[in-house]
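Okay, structure first, notes after.
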Amino acid sequence: MTSQATLKQNDMNQAATDQTGVFAKEGADETVQICDSSLPQFEDRDNQETKYTTCYMCACRCGIKVTVEDNKVRFIQGNPNHPVNKGVLCAKGNSGIMKQYSPAKLSSPLLRKPGTERGAGEFEEISWERALDMLEKRLARIRATDPKQLAYFTGRDQMQALTGMWASQFGTINWAAHGGFCSVNMAAGGLYTMGHAFWEFGDPDWENTKYFMMWGVAEDHASNPIKLGLKRLKERGAKFVAINPVRTGYQAIADEWVAIRPGTDGILALSMVHVLLKNQLVDEEFLIRYTNSAQLVVNTPGQKGDGLFYRGSLAEGKGEQPQVWDLVKEAYVDANLPDINPALFGEYTAPDGTPLRTAMSIMLDKYLDEQYSPEVAAKECGVAAEDIERMALEMAHVAFKESITIDVEWTDWAGRKQDKFIGRPVSMHAMRGVSAHSNGFQTCRAIHLLQVLLGTIDCPGGHLAKPPFPKHVPPGIKPAKEMAPNTPLKSPPLGFPTSPEDLVIDAEGNPLRIDKAYSWDAPISCHGLMHMVISNAVKGDPYKIDTLMLFMANMAWNSSMNTAQTLDMLCAKEDDGEYKIPFIVCSDAFNSEMVAYSDLVLPDTTYLERYDTISMLDRPISEPDAACDAVRIPVIQPDRDVLSWQEVMVEMAGRLGFPAFTNPEGKPKYKGYKDFIINFEKEPGIGFLAGYRGKDGEKSLRGEPNPRQWEAYEENEGFFEQRLKPNQRYMRHANLDYLTLAKEASWVGSTNQIVIELYSEKLQTFRLAGQGLYDGPMPTEEHHKERLVKYFDPLPIYYMPLEEQRIDRDEYPYHAVNQRPMFMYHSWDSQNAWLRQIMSQNYLYMNRVAAERDGIEDLSWVWVESHNGKIRTQVKLMEGTNEQTVWTWNAIAKRGGAWGLSDDANEASDGFLMNHLISELLPQKGDKIDRVTNSDPVTGQAAWYDLRVKITPAAPGETGSWPSFAALKPQPNAKPSPDMLSYSSHKNVNLVRSMSDILTRGEK
Ligand code: SF4
């Protein structure tokens, strides 16, 4: 079959059709004729099947339909029934097929050849049996002697519930995923304020919000979901304001772009708080009912107990509960009693003479101060004072004058019936742009304060939690600190400290963890500090380790700060010739830069080849109105000698005799990962998967193991969804209908109200420790005391990012930030044949006006220098960036030879990593702070967006990116990568399609 068409391209869009399939365009200089109206021949589908699984080209976890033939992926589509993406598939998702065809796939376990150096890439292929025996022997020795000698860190793996549990059972506290490098400030800022946060923890109410403010987002996070949400906003005519130094991606379609100076979002948010308070535009009822702002705070500066909540004394008949002043009873009453009338403002005196004031009064005093006025804030953040005021008033107008109601009866936490949900339709979203600064935790708290004052939390049109969130503030897990040989930890390695007693330090105050998480350096480091592990282990600070085990963590390239020096550290040796980190194990599906620096390499499967769970025990795929989780199911069988890391974890747990993985005889209890997922119960009826539980799969959220659970997920296209009833969908921090369900599902420990903590007494306990006024652990080093006093303010504050505090800002006049592009995720995709066609070289983007002022031309090469080092890169000029900011895409640059790319691939010769400029330590000044992590002082979040640089033109002839590194060796037996990696349709396909079929969409 052939179609004969004579078309002029510029006429095609206007072509009209008649009944015979002959096309004619009036007024065209040439008649367009298509004579053949027969349908094209599509490929033969007889041998094809469609399988459902979950995308893993980024962290959004969209549902996909994969068409498979002869154990090969034909194409990938979005699953229209899936709650996350509703059929939408992004460029990355589509390109999953090229990931599967990647020549960089590892094909068998590798052992560094004896006598060769780390980094040389000299490996011998070994059997899985030998690899696992070797690992078992080493790990068994460590576990039996000193379990903390194993440091186990993972990348963006989506299986932290399993890896965390594995580390607990092993008995090492040295475990974390990459959250400390990514966005722990966002998570912790929310969890320590309202029990949920942005992104995986909550979403804007896209269907009802009328005013949406997006703060410094990174487009690779919340990709399809945000795109779908923005589409709904545009359809409904809601206003979209983007606060971001760079106008790309989502910002490009915003109604208003606010080109803020990086790292100053906190002062902008708090200045808007100032405007709201000054104009008395706050939701007082919301504050009284749902927050701790009416609670009374002891006001005795310089004395023990200052800043803590007043709880009365047992002599007064009081117990443990914070007190409020009841305006009707004219007495102090427990803040958590129902039917009380708390005073929101005021100063009082306790019966014993202690001066008290409400948390709200403290807020009023603090934020009405001139330092938060729009005029002062404008000088710091670069946003005009009138714009700050206008945006605050606009949001207040929408919240209070355009409020909405949903007439659904619901029951509040105290059992009182409410006849409607009141909605304040203002919502926000924030992500790494805010998070990756050393003031990010307090900035996230400041943004939440703004939301709470407007009453926009978990209400129609506002910011909605996603089950299993919200949790009580903060979640009740404490980080483990005690270890013993061959003994599981008593609690998980990561948790949520609420006072200095929870720190993971010894009696002298020294850190117990290799990354110094939960030490005085970063007391609330709930996701660990992965970026410090190599540096600390090599220096033996606080101690040396035996084995570093990494999963999907490319620490030899873009998952490290200070990359060039990190490579040196990985190869650093003791005087006796032994490596300072004696043994490095890595598991990855691809030949990443980390492979060459490992001693044992365990090849993982791709996401299309494995079983996996996106579990309710972790951060599942829930939507605000539905509890959802999902699975990955192999859609093709591996054609290599690989094993999924899930299987390795379960196998190793059985071999090492972990109690949760063995029977009373000490023999492995599970036949593999699938069996483990079905039968493991965290508590009766609660397992990794919440759907299709019970013997016959008829139970949801809680129920005994179902032997056919995997099949049930497969039959339901790879996910489980339990929609919440209308009375469970809002105000979930105080909604008994919801909290009862949440307790039954083990998402919360009680049905008590989740009180939003605008004032954090937990932070104040650390501050008192810094002041020497705490009955418990207190730091001895002056700089620790100073940091606690300065940064552990119980109310959100703004302070200048730490790097800026320690450098000469005039010498380094530009902020340098990264963002990950919407079309690539982490380091995974600049190997992808299709995605490389979108971009294969990153540039340093710079504001045109600033560049011309500095004599820098478009596409010229420049030197970029920080306090830590210098790089050479090529510049592109643009209008849509703040004048004091330069930026780049972070995922593009690669090392030659890695990832199956040729030695001179664009990504290696012209792409660059900004990571070389960023130190894992604060700028060196010869003081005690020199060894302090370049991180948020509260959470330990890597402060890689704090970077300041100077830029100078490169000399004539200085071109190409620098530093450059020798190309890595290909893996043993690797086939040379083809010059062109292509994917084509079946031979039997004729894609010439008749115009009549195109225009009638096949219906004719
Ligand atoms: S947004 Fe992420 S998970 Fe969804 S299709 Fe794209 S790459 Fe896959």
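Starting from 1, each residue takes its place in the sequence as its number. Counting starts at 1 for both ligands and their atoms, following the listed order.
With a cut-off of 2.8 Å, atom 4 (Fe) of ligand 1 has an N, O or S atom of Cys62 in range. Residue contact annotation: Cys60 places no N/O/S atom under 2.8 Å from atom 8 (Fe) of ligand 1.
For ligand 1 and Gly93, the ligand atoms under 4.0 Å from any heavy atom of the residue are 5 (S), 6 (Fe), 7 (S), 8 (Fe). If you number the atoms of ligand 1 from 1 as listed, the ones under 4.0 Å from a heavy atom of Arg61 come out as 3 (S). Counting the atoms of ligand 1 from 1 in the order shown, those under 4.0 Å from a heavy atom of Lys92 are 7 (S). Remark: ligand 1 atoms within the under-4.0 Å shell around heavy atoms of Leu89 are 5 (S). Shown in contact with Cys55 at under 4.0 Å from a heavy atom are these atoms of ligand 1, numbered in order with element: 3 (S), 5 (S), 7 (S), 8 (Fe). Close approach of ligand 1 to Cys90 is summarised as follows: ligand atoms under 4.0 Å from at least one heavy atom of the residue are 1 (S), 5 (S), 6 (Fe), 7 (S). Annotation for ligand 1: atoms under 4.0 Å from non-hydrogen atoms of Ser223 are 1 (S).
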side-chain contact (heavy atoms from CB on, under 4.5 Å) between Thr50 and Val66, worked out:
CA-CA 5 Å; Thr50 300; Val66 187; over 6 Å; no
Please determine whether ring-ring contact (aromatic ring centres under 6.0 Å, His included) holds for the pair Phe198 and Trp215, giving the CA-CA distance in whole Å, both sets of side-chain angles, and the decisive distance to 0.1 Å.
CA-CA 11 Å; Phe198 298 113; Trp215 298 76; 9.1 Å; no
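For the pair Lys466 and Phe469, the cation-pi criterion (under 6.0 Å, within 45° of the ring axis) is not fulfilled.
Of the candidates Ile226, Asp829, Val84, Asn224, it is Asn224 that places a heavy atom closest to atom 1 (S) of ligand 1.
Taking the ring centroids of Trp710 and Tyr611, they lie under the 6.0 Å cut-off. For Phe720 and Tyr692, the ring centers sit closer than 6.0 Å to each other.
Not a single heavy atom of Asn85 sits closer than 4.0 Å to an atom of ligand 1.
Under 4.0 Å is where a charged nitrogen must lie from a carboxylate oxygen, and between Asp604 and Arg610 at least one such pair does. Under the 4.0 Å criterion applied to side-chain N and carboxylate O atoms, Arg61 and Glu200 are assigned as salt-bridge partners.
The 12-atom threshold is not exceeded at NZ of Lys72, counting heavy atoms of other residues, nucleotides or ligands nearer than 6.0 Å.
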